[in-house]
Amino acid sequence: MMRTQRAIVGLGLLLGLAYRVQAQEYPRPAVPDLDRLTQELFAEAQNDQVPHEDLYETLLQYYQTPLNLNVATREELRSLLLLSETQITNLLSHRQRTGGLLSLYELQSIDGFDLRTIYRTAPFVTVHTPDPNAARGPLWQRIQQEENNALFVRYERGLQTRRGYTTPDTVRGGQLATRYLGSPDKLLVRYRVSRARDFSLGLTAEKDAGEQLAWSPSTHRYGADFYSGHFLVQERGRLKSLALGDYQLQFGQGLLLSSGLAVGKGAETITTLRRSSVGLRPYSSVLENTFFRGAAATVAVNATVRATAFVTRKRVDASFSQRQDTLGDYSEVASSLQLAGMHRTPSELANRQALRETVLGGNLNYASRSGDLALGLTAINTQFDKPLLRRPEAYNAYEFSGRQNLALSAYYSYVWHNALLFGETARTSSGGLGTVNGLLASLAPGLDVSVLHRSYARSFHTFYGNALSENTRNINEKGLYLGLKLRPLARWEVSAYYDQFSFPWLKYQVGAPSQGHDWLVRVTYSPTKTSLLYAQLRQRTKAYDADTLRLVPLPVPTERRSLLLFYDASPLPILSLRTRVQGTQYREDQGPRRQGYVLAQDVTVSPRPHLRFSGRYALFDTDDYDTRQYVYEQDVLYAFSVPVLAGRGTRTYLLTQVDVNRHLTIWLRYAETHYRHQQTIGSGLEEIRGSRRSEVKAQVRYRF
């Protein structure tokens, strides 16, 4: 009876919208609200290890080249992380039953698609009938005519002088103290044009603050510190993808190859748990170590089997030392890989591109015609030109050492009624095994659950893996994750997870095997289609070495408990208000509880269609750095800002966007943090004398 009523309502909506559908398409927002979406996906930023550049880049790729819902595969729909398995199944069934969608408005007639889902998904999908790529013209014409063909230029600078830019002092031995070699200016130039299932072309050049603009072929420096470029074509008969230059790969559950939109444990407790096997994708981010550089191709062996081969060679940052390697010979070895991508001082420059890495690999993927069953095999061989040998610390006893690492994996994914089973198991040259297996299921129309078990041996070594874990890498960890999402009433949603984890071997700052747990509960209420209110409670218990002078490290449990209240509303079409209150309690073992909080109010005003102002005023107060607060801020397009707030003070920013004409858009941003009762800010070369830290940022986009 209920299904019949829904069908009638859906048919009514469809018929009622029929004339409208013929007349207009759903208006996609000119600027996607990535900050709000990011906050909905992530539970809370608790450190600066989250690859926000990669996340924003992936979301913007989806925005610039939206998925065509009439041809998107099940795996492509999963990769959005915004649709449940039931919603995807219902959409595919609807498409098979009635043909392609006529408009995004038609999503309202599909079972399981509520307004919140449609509004969240709309910026990243589209509806085309027929496929716009069915009749292609010359490639150069398609590039020239593409709407997102644009050049970005960005400038950024801190206004207060940091210690690294001052005249160096004389230190012991008469040597001068280290200082930054370059100017405090940060520059970025980016050109990008792409079309979904057709092509992608991009070039990026970046200079970080403190780095030099230098021309030195002997040290591989050619002006800017970092360059990235790619050219990718898709859907040329059996050739499904061909990438030259920089690219990224994601297969299986990301044990060996994972890049792009990997959220991990967050407020979205169901759809983000599983990695999407999206294969070959272009790369245009500014993260300097998380991509491949070379060539890759995917071909269709037949209608259900695809094969991918890739080769990459690039230089990576590493620190070196003279020591005895595993073969008993004294030689220079790399003691660690440097992932920060900063080359501001002589020592950082000495590590720049010091290690050559060559990677060869392939993947074979089978997907049934219905898309319900997927199987795959992946092989990746990594070769370094110098041996890698970690420092002789106990926690490094099982880390990778040597020149070569061969890793093999097998993965699966199967849809059975309203349940999705998935997993991947891999083995590396050391004999270490890694395995991750999970289940997503819709137990009722308003109830979804998820389960994921993971086990990564202490000798499991992967350099480009990023499966779900508590650690930043998939090594030395076992865990069980349980997730739930409940929609008891219209406009209400409850999401929660509990994750139990253990580390069988030692870790950095943890001198013994340890364990912990992490849980979250978020209650969300959407009073209207333009407003959102949620409350979130999260607690993480994890062991670290006690801060004592004991000869033997003693790990003790530390507890971090945080509360977040968030309200987003648009009382007027030109006005948006966003309020955030968050607080944290931190406790080590039986010690005293320390606290920190932040209160932030955002206002966005669009008095004219071509003009937009956004601003924030925030108060923060923390007892120490352990109770520091991370708060998302709005930024210029393609950039992100999640400053860390510790101490007492205020944080403000103002962002202006002006669309001068259909070709030219300008962003200007000023942000300032004012600390109370502090004479200096930061430490080391980033130290500022004074109580204010402010920065300016300007960006220009020219659409061709």
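All values derive from a computational prediction rather than experimental measurement.
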Please tabulate, one pair per line, all N/O donor-acceptor pairs under 3.5 Å involving side-chain atoms of residues 284-291, not counting sequence neighbours.
{"from": "Ser284", "atom 1": "OG", "to": "Glu57", "atom 2": "OE2", "distance (Å)": "2.4"}
{"from": "Ser284", "atom 1": "OG", "to": "Arg192", "atom 2": "NH1", "distance (Å)": "3.0"}
{"from": "Asn289", "atom 1": "ND2", "to": "Leu339", "atom 2": "O", "distance (Å)": "3.4"}

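Electrostatic pairing of Arg190 and Glu206 does not count as a salt bridge here, judged by no charged N lying under 4.0 Å from a carboxylate O. The pair Arg352-Asp317 does not meet the salt-bridge criterion, since no charged nitrogen lies less than 4.0 angstrom from a carboxylate oxygen. By the 4.0 Å N-to-carboxylate-O rule, Asp626 lies too far from Arg587 to be salt-bridged with it. Using a cut-off of 4.0 Å between Lys/Arg side-chain N and Asp/Glu carboxylate O, Asp169 and Arg179 are scored as salt-bridged. The pair Arg594-Asp624 meets the salt-bridge criterion, with a side-chain N (NZ, NE, NH1 or NH2) lying under 4.0 Å from an Asp/Glu carboxylate O. Under 4.0 Å is where a charged nitrogen must lie from a carboxylate oxygen, and between Glu211 and Lys207 no such pair does. Under the 4.0 Å criterion applied to side-chain N and carboxylate O atoms, Glu470 and Lys542 are assigned as salt-bridge partners. Using a 4.0 Å cut-off between charged nitrogen and carboxylate oxygen, Arg540 and Asp499 do not count as a salt-bridge pair. Under the 4.0 Å criterion applied to side-chain N and carboxylate O atoms, Arg315 and Glu357 are not assigned as salt-bridge partners. The pair Arg78-Glu76 fails the salt-bridge criterion, with no side-chain N (NZ, NE, NH1 or NH2) lying under 4.0 Å from an Asp/Glu carboxylate O.
In this structure, Asp208 and Lys186 have side chains that are in contact, with non-hydrogen atoms separated by less than 4.5 Å. By the 4.5 Å heavy-atom criterion applied to side chains, Pro282 and Phe231 are not counted as neighbours. Looking at heavy atoms from C-beta onward, Tyr180 lies in side-chain contact with Leu685 at the 4.5 angstrom threshold. Two residues are said to be in side-chain contact when any heavy atoms from C-beta on lie closer than 4.5 Å; Leu232 and Leu242 fail this criterion.
Residues that satisfy the ring-ring contact (aromatic ring centres under 6.0 Å, His included) test with Tyr247, not counting sequence neighbours, are Phe292.
Geometrically, Arg313 does not engage Phe384 in a cation-pi contact, judged by NZ or CZ lying under 6.0 Å from the ring centre and within 45° of the ring axis. For the pair Arg162 and Tyr165, the cation-pi test (distance below 6.0 Å, angle within 45°) is failed.
Side-chain contact annotation: Glu588 with Thr558, donor-acceptor N/O pair under 3.5 Å absent. Thr428 and Asn405 share no donor-acceptor pair across their side chains, judged by distance under 3.5 Å alone.
Test Ser409, Ser277, Ser413 against Glu424 for side chain to side chain donor-acceptor pair (under 3.5 Å) and you get one pass: Ser409. Screening Asn365, Thr298, Thr378, Asn363 against Thr308 for a side chain to side chain donor-acceptor pair (under 3.5 Å) leaves a single residue, Thr298. Of the candidates Ile475, Asn476, Leu389, Glu399 forms a side-chain contact (heavy atoms from CB on, under 4.5 Å) with just one, namely Ile475.
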Full working for side-chain hydrogen bond (donor to acceptor under 3.5 Å, both in side chains) between Tyr395 and Arg390: CA-CA 10 Å; Tyr395 61 83; Arg390 305 281 182 173; over 6 Å; no
Pair Arg454-Tyr456, side-chain hydrogen bond (donor to acceptor under 3.5 Å, both in side chains): steps then yes or no: CA-CA 7 Å; Arg454 60 191 185 274; Tyr456 313 128; 5.0 Å; no
From CA spacing to verdict: side-chain hydrogen bond (donor to acceptor under 3.5 Å, both in side chains), Ser336, Ser319: CA-CA 6 Å; Ser336 66; Ser319 61; 2.7 Å; yes
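A 6.0 Å sphere centred on NZ of Lys478 holds no more than 12 heavy atoms belonging to other residues, nucleotides or ligands. For Gln212, the CD atom sits in a packed shell: over 12 heavy atoms of surrounding residues, nucleotides or ligands are nearer than 6.0 Å.
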